[in-house]
Amino acid sequence: MEVYVARQPIFNNECNVMAYELLYRGSKSDQSFAGIDGDQATAEVVMNSFYNMGFKHISGQKKCFVNFTENLLKSELPFCFPQNQLVIELLENIPLTKELVHTCRMLKNKGYQIALDDFVFQMDNPYTEDLLRYADIVKVDIRQYSLDGMKVLKEQVAPYTLELLAEKVETYEEFIQCRSLGFEYYQGYFFSKPVIMTSYDTSFQPFQHIELMKELALPQPDVTNVAEKIENDVSLSYKLLKLINSVAYRRIEPIKSIVQAIMLLGFDEVKKWSYVLMLKEMGAKADSAPYEVMKLCYIRARLCERVSFLVGEDRESSSFFLTGMLSFINVFLQRPMEESIEDLPLHHDIKDALTGVSNPYGHALELCKSIEVADWEGIGDLCLSLSVDQGTLFIEYRQAIEWAQDLLMVYEEYSHS
């Protein structure tokens, strides 16, 4: 059985990921899932997600929010999963009854966390208060509430020991507003479409820079290996492109890959650039980007690269990789995308893709974004227009996650050694 799993990150007030919601469906050919029993499909996908793919590969050991229907709760399916990994999310259409409260009490006694999806305070239901006593997190669809409505809901749940999660947060202003109201967690397109106010430099990963220095120190450095070391760190990639656009190199043609940049500069210049960066970073306080943003950046880069092979553009694979790698540069620099890439000597096709223009690079990037937010209809349409098999795409997505996590694991081991 083919299993498709999409993850949507859940952020805390520091904009770090505290968990994922697993978003799942049944088949690559039936985007509407008509005629498929929802309980059976959900149970099969959840079981395969945890046991076939593995919890480590799905979430990197962070907790997973999983939607449960009324029937799945009655079947005691939640008890199949470790309580330190699973957050049981009760769908809003489950009737609020004495039986539901009893089930939640059992789950709490077993150590599970419970989240209430799209919660509405039912004042006329005698079991509302009982349910809130066992809940850990209340998820609020902010599209369904006015500002005053959210304030009222906050007051209604204030007597209970639980936390608020804002769903469908799409702008910086909404994030700030919800945080001021006392929300602890956030879910939505905020990180995909950030509106950021301040400006920062990026910080490279020390182990990656050292590996680059080792390669450059060889009597005959290999351009492919050097490019790989640079491509594996968004900050190194960004700074190299900034160097090329300095006054000394301003006449160089726009580039489409890191390999091309190295060939144009030459190893001597790349070595000098690397030494300068090392000295600069040693004397400066690191300004680390959120770990999860770094991981998403790597996943996009790898998946965009693999999409180039799926669409017959393998000769441009490094350009696809660079597009994915730079797709979060606005988050790293905390500036709008247009400003972040304005001074970079990128090929206009890559710049167009990063700013939302439809082209081959943009199509690959759009596929990544659609998978991240489980836009199944969008995935289906893009795969159809690009003649990409959905099953193969999701295999590549899973492998991109594993590739990114392995890379960051090496970094963690290196930084603590």
Side-chain angles (χ1 to χ4, degrees), residues 202-281 294 297-329 332 341 343-351 353-354 360-361 364 399-400 403-404 406-408 410-411 414:
T202 62
S203 297
F204 60 76
Q205 298 181 30
F207 91 101
Q208 200 62 48
H209 198 153
I210 292 173
E211 292 301 312
L212 171 63
M213 298 289 288
K214 289 180 180 178
E215 183 65 36
L216 289 171
L218 295 175
Q220 293 183 327
D222 182 273
V223 66
T224 302
N225 291 339
V226 172
E228 181 181 356
K229 300 297 186 295
I230 296 173
E231 287 174 342
N232 283 343
D233 190 318
V234 64
S235 179
L236 289 175
S237 300
Y238 179 80
K239 287 180 169 65
L240 176 61
L241 293 172
K242 289 288 287 185
L243 172 68
I244 292 178
N245 206 44
S246 66
V247 174
Y249 301 99
R250 199 172 292 278
R251 292 185 179 181
I252 289 180
E253 62 185 295
I255 68 169
K256 298 181 68 176
S257 71
I258 296 299
V259 169
Q260 184 185 3
I262 296 170
M263 296 297 289
L264 290 170
L265 282 174
F267 283 125
D268 288 342
E269 289 299 320
V270 174
K271 285 181 183 178
K272 287 190 292 184
W273 161 77
S274 185
Y275 292 143
V276 169
L277 275 186
M278 178 66 81
L279 292 174
K280 176 181 180 297
E281 294 292 332
M294 179 68 74
C297 186
Y298 288 152
I299 293 171
R300 282 190 183 180
R302 183 65 166 182
L303 186 56
C304 281
E305 179 187 44
R306 298 308 303 165
V307 167
S308 72
F309 288 87
L310 298 181
V311 298
E313 296 280 356
D314 45 294
R315 291 186 177 180
E316 299 291 326
S317 61
S318 58
S319 299
F320 278 77
F321 186 99
L322 185 58
T323 301
M325 176 64 80
L326 294 178
S327 65
F328 275 107
I329 194 64
F332 282 84
I341 64 174
D343 295 329
L344 298 184
L346 292 168
H347 191 277
H348 63 85
D349 286 341
I350 296 178
K351 283 190 173 183
L354 292 171
Y361 305 131
Q399 292 177 348
W403 179 86
D406 288 344
L407 184 65
L408 289 169
V410 172
Y411 165 60
Y414 190 100

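Minimum heavy-atom separation, Cys304 to Gly324: SG-CA, 3.9 Å. When all heavy atoms of Val307 and Ala364 are compared, the closest pair comes out as CG1-CB, 3.8 Å.
Atom NZ of residue Lys229 and atom OG1 of residue Thr224 lie 10.5 Å apart, to the nearest 0.5 angstrom. In this structure, the separation between CD on Glu305 and CG on Leu310 is 11.0 Å, given to the nearest 0.5 Å. Here Gln260 contributes atom CD and Ser319 contributes atom OG; the two are 7.5 Å apart, rounded to the nearest 0.5 Å. To the nearest 0.5 Å, atoms CZ (Phe320) and CD1 (Ile350) are separated by 9.5 Å.
Leu326 places none of its side-chain heavy atoms less than 4.5 Å from the side chain of Ile341. Ile262 has its side chain within reach of Ile230: a pair of non-hydrogen atoms, C-beta onward, lies under 4.5 Å apart.
A side-chain donor-acceptor contact under 3.5 Å links Tyr361 and Glu316.
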